[in-house]
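So you know, we letter chains A, B, ... as the sequences are listed, proteins then strands, and number each from 1.
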Number of protein chains: 2
Amino acid sequence: MNIRDLKYLLAIKETGSFSRAAKQCYVSQPTLSGQVKKLEESLGVRIFERSSKQIIITAVGEQIIASAMKVIAEVERIDALADAAIDPLSGRFRLGAFPTLATYLFPGIVMPINTCMPDLKLILVEEKTQSLIDKLKSGQIDAALLALPVVDEQFKIKVLFDDYFRLAVKTDHKLANKSEIGQTSLLSKDLLLLEEGHCLRDQALEICSLMGANEEQDFRATSLETLRLMVKAGTGITLMPEIAMGLNKDRDEDGIRYIPFKEPRPKRTIGLVWRKTLIKTAVIDELIKILTHK
Amino acid sequence: MNIRDLKYLLAIKETGSFSRAAKQCYVSQPTLSGQVKKLEESLGVRIFERSSKQIIITAVGEQIIASAMKVIAEVERIDALADAAIDPLSGRFRLGAFPTLATYLFPGIVMPINTCMPDLKLILVEEKTQSLIDKLKSGQIDAALLALPVVDEQFKIKVLFDDYFRLAVKTDHKLANKSEIGQTSLLSKDLLLLEEGHCLRDQALEICSLMGANEEQDFRATSLETLRLMVKAGTGITLMPEIAMGLNKDRDEDGIRYIPFKEPRPKRTIGLVWRKTLIKTAVIDELIKILTHK
DNA sequence: GGTGACAATAGGTTTTATCTATACGAAGGA
DNA sequence: TCCTTCGTATAGATAAAACCTATTGTCACC
């Protein structure tokens, strides 16, 4: 048996045809046909039912192909291990973050990452939390910045920092002159929220315990910047994480006042999450250094 | 990369030498050396530090070899899948059972198994429960008859039958004329038990709640038959599962009376346990049929 | 300095994978 | 029914690779 042969099997399953599989593997159709036939003979079972019409995979075939996929994946892992050993801080690295964090965090970390790991081809992915978790699991991204808690057997997690919430109100809002705010003050109808799927929306709802009261609102913003503009326009108030406030946390900006909460200050805890089986853990270590030194 | 090359790696790790590995793989030493060298070159990393004294595996080497083992295991699985597809009821099958069950159950199932699966090379393994579980996990046996509950993610389990306990006493024992017995009657010092590690010992202790009282006993039998002989000799009484009583459950035998317990009658539940990843599940199905029709 | 153990190298042979060209078989259209 | 098309199988030649034996190189030990 040969690794190449197993790749042929996967290609046939994928393309549904010997000729197309051959093309995909950059070999001639007779070569691929011959190798598959030899494999079938050596195993003593038929993997494909051939006809000029279509290729049907036998029951054993499906099982064999499932195992073949695992073999190929592990072989690729060997390649990746070798690559990482040559230079653990080089190659492609895909880092994800959810939108209400990514917008404000990513700009500040590109430079330091580039300085610290010049050979790393960094790919930044901005998606909602669930999508990031899915992509982490399927290996489409290598690590993600997520709001904790994230509970999953196959992940490793490093707590990075707390991001406290403030209440963003227009400077002439009735709450604007308060120096601190209690959570009960949020029981108002003019609280603006993001659309479904944003973790910040869920956190805000949890903080405000407004589940029922808010269902009737028919406006759902798609970004925090939209919310900010609406606060500025006097449409309502919103929760704003400090990371989204810009540099001057204690001064008003753009006619908006960011009022801190009374203790216990509501917050979101940001952590770095990656698969236990990830190979380039050296990159993770560097990322943690950069993200905790902020 | 080639599956054969990965086997070379494992052989070198195993034998600690290129020449011995070559011998183990039935190739010449230069062949193996050459292939390993080529593999190292294609991966761009050194897997072994060579010297005339000893072979040292590099850090990447260890990782690569760990992956190589997974690849080989999965490749062997492909072979096994094919074999099972040709004839699912043929080949070697290793069935385990713990001693106090095996002695009485095994003799009765060899014939039916042989009749029903004539091409199956059945290997019967009699070991204590913990050893059977270890061997199941490591693939040294294919299935085991165990006293439930057995809780493990990687196992599948089929409940087979209940095996009720009776109290075995000498016919002239003071309890011998009772037709039924309560569990409190067991608070006696002459209860004989098996040595540590037998699940029957633990079950007996649990039933009697005699943990403390029994620690001082310095006699621990190694088999149920020894216990039976001692009961017959008048040394004491013991718990005996019905399966060990022979065919005549309601008559005395050998000067021993087997007294049933009052409800709820204490029992052990016997189940068939196998790895979820086992390939020859057709054999499992047949075994279940045979073992539940008893 | 000689010896033994072990890995690396050299050169030739065998095996295997691959190619192009062609045959075969089924389905669809004239 | 015949012809074309699409797809797989077969044949024969070529290129690549894995393998062998013989030999060299290297290090430790006596």
Rounded to the Å, how far apart are A/F18 CZ and C/dG25 P?
17 Å

Considering just the side-chain nitrogens and oxygens of A/R50, establish if one lies under 4.0 Å of OP1 or OP2 belonging to D/dA9.
yes

Which donor-acceptor pairs under 3.5 Å do side chains of residues 65-85 of chain A form with protein atoms, sequence neighbours excluded?
from	atom 1	to	atom 2	distance (Å)
A/S67	OG	B/E74	OE2	2.8
A/E74	OE2	B/S67	OG	2.8
A/R77	NH1	A/T277	O	2.6

Rounded to whole angstrom units, what separation is found between the CZ atom of A/R4 and the C1' atom of D/dA18?
12 Å

Of all the heavy-atom pairs spanning B/V125 and B/L132, show the shortest one and how long it is.
O-CD2, 4.2 Å

salt_bridge(B/K289, B/E286) N-O dist < 4.0 Å:
yes

Please tell me whether B/Q29 and B/S33 have a donor and an acceptor in their side chains that are separated by less than 3.5 angstrom.
yes

Would B/Q140 and B/S138 count as having a side-chain donor-acceptor pair, cut-off 3.5 Å?
yes

Take atom CZ of A/R20 and atom P of D/dC6, then tell me their distance rounded to the nearest Å.
12 Å

What nucleic acid atoms does A/I55 come within less than 4.0 Å of, heavy atoms only: base, sugar-phosphate, or nothing?
sugar-phosphate

Selection: residues 7-15 of chain B, any non-hydrogen atom under 4.0 Å of DNA chain C
none

In whole angstrom, give the distance that lies between atom CZ of A/F48 and atom P of D/dG7.
16 Å

In this structure, how many angstroms lie between the P atom of C/dA7 and the CD atom of B/Q54, rounded?
12 Å

With the threshold set at 4.0 Å, does a side-chain nitrogen-carboxylate oxygen contact exist between B/R92 and B/D142?
no

For B/I3 and D/dA17, give me the distance from atom CD1 to atom C1', rounded to whole Å.
16 Å

Per-nt protein contacts along nucleotides 11-16 of chain C (heavy atom under 4.0 Å; B base, S backbone sugar-phosphate only, - none) come out as -----S

Residue met sooner reading DNA chain D from 5', once B/D5 and A/S19 are mapped to nucleotides
A/S19

Assess whether atom NZ of A/K128 is packed by more than 12 heavy atoms of other residues, nucleotides or ligands within 6.0 Å.
yes

Validation: residues 15-26 of chain B side-chain donor-acceptor distances under 3.5 Å, sequence neighbours left out:
from	atom 1	to	atom 2	distance (Å)
B/T15	OG1	B/A11	O	2.8
B/T15	OG1	B/S17	N	3.4
B/T15	OG1	B/S17	O	3.0
B/T15	OG1	B/A21	N	3.4
B/S17	OG	B/S19	N	3.2
B/S17	OG	B/R20	N	3.0
B/R20	NE	B/T15	O	3.2
B/R20	NH2	B/T15	O	3.0

Could you state the CG-C1' distance from A/L32 to C/dT20, rounded to the nearest angstrom?
16 Å

In whole Å, what is the span from the CG atom of B/L39 to the C1' atom of D/dA17?
15 Å

About how many Å separate CZ of A/R94 and CD1 of A/I141, when rounded to the nearest 0.5 Å?
8.0 Å

Does B/T103 use its side chain to pair, donor to acceptor, with the backbone of B/P99 at less than 3.5 Å?
yes

I'd like a table of atom pairs between the protein and nucleotides 10-12 of chain D - only N or O on both sides, under 3.5 Å - with the distance next to each one.
from	atom 1	to	atom 2	distance (Å)
D/dT10	OP2	A/K37	NZ	2.8

Where the side chain of B/S28 is concerned, which of D/dC20, C/dA8, D/dG7 is the nearest nucleotide?
D/dC20

In terms of side-chain geometry, is the basic nitrogen of A/K37 or A/E40 positioned less than 4.0 Å from the acidic oxygen of its partner?
no

Donor-acceptor pairs under 3.5 angstrom involving side-chain atoms of residues 113-124 of chain A: please list them, not counting sequence neighbours.
from	atom 1	to	atom 2	distance (Å)
A/T115	OG1	A/M111	O	2.9

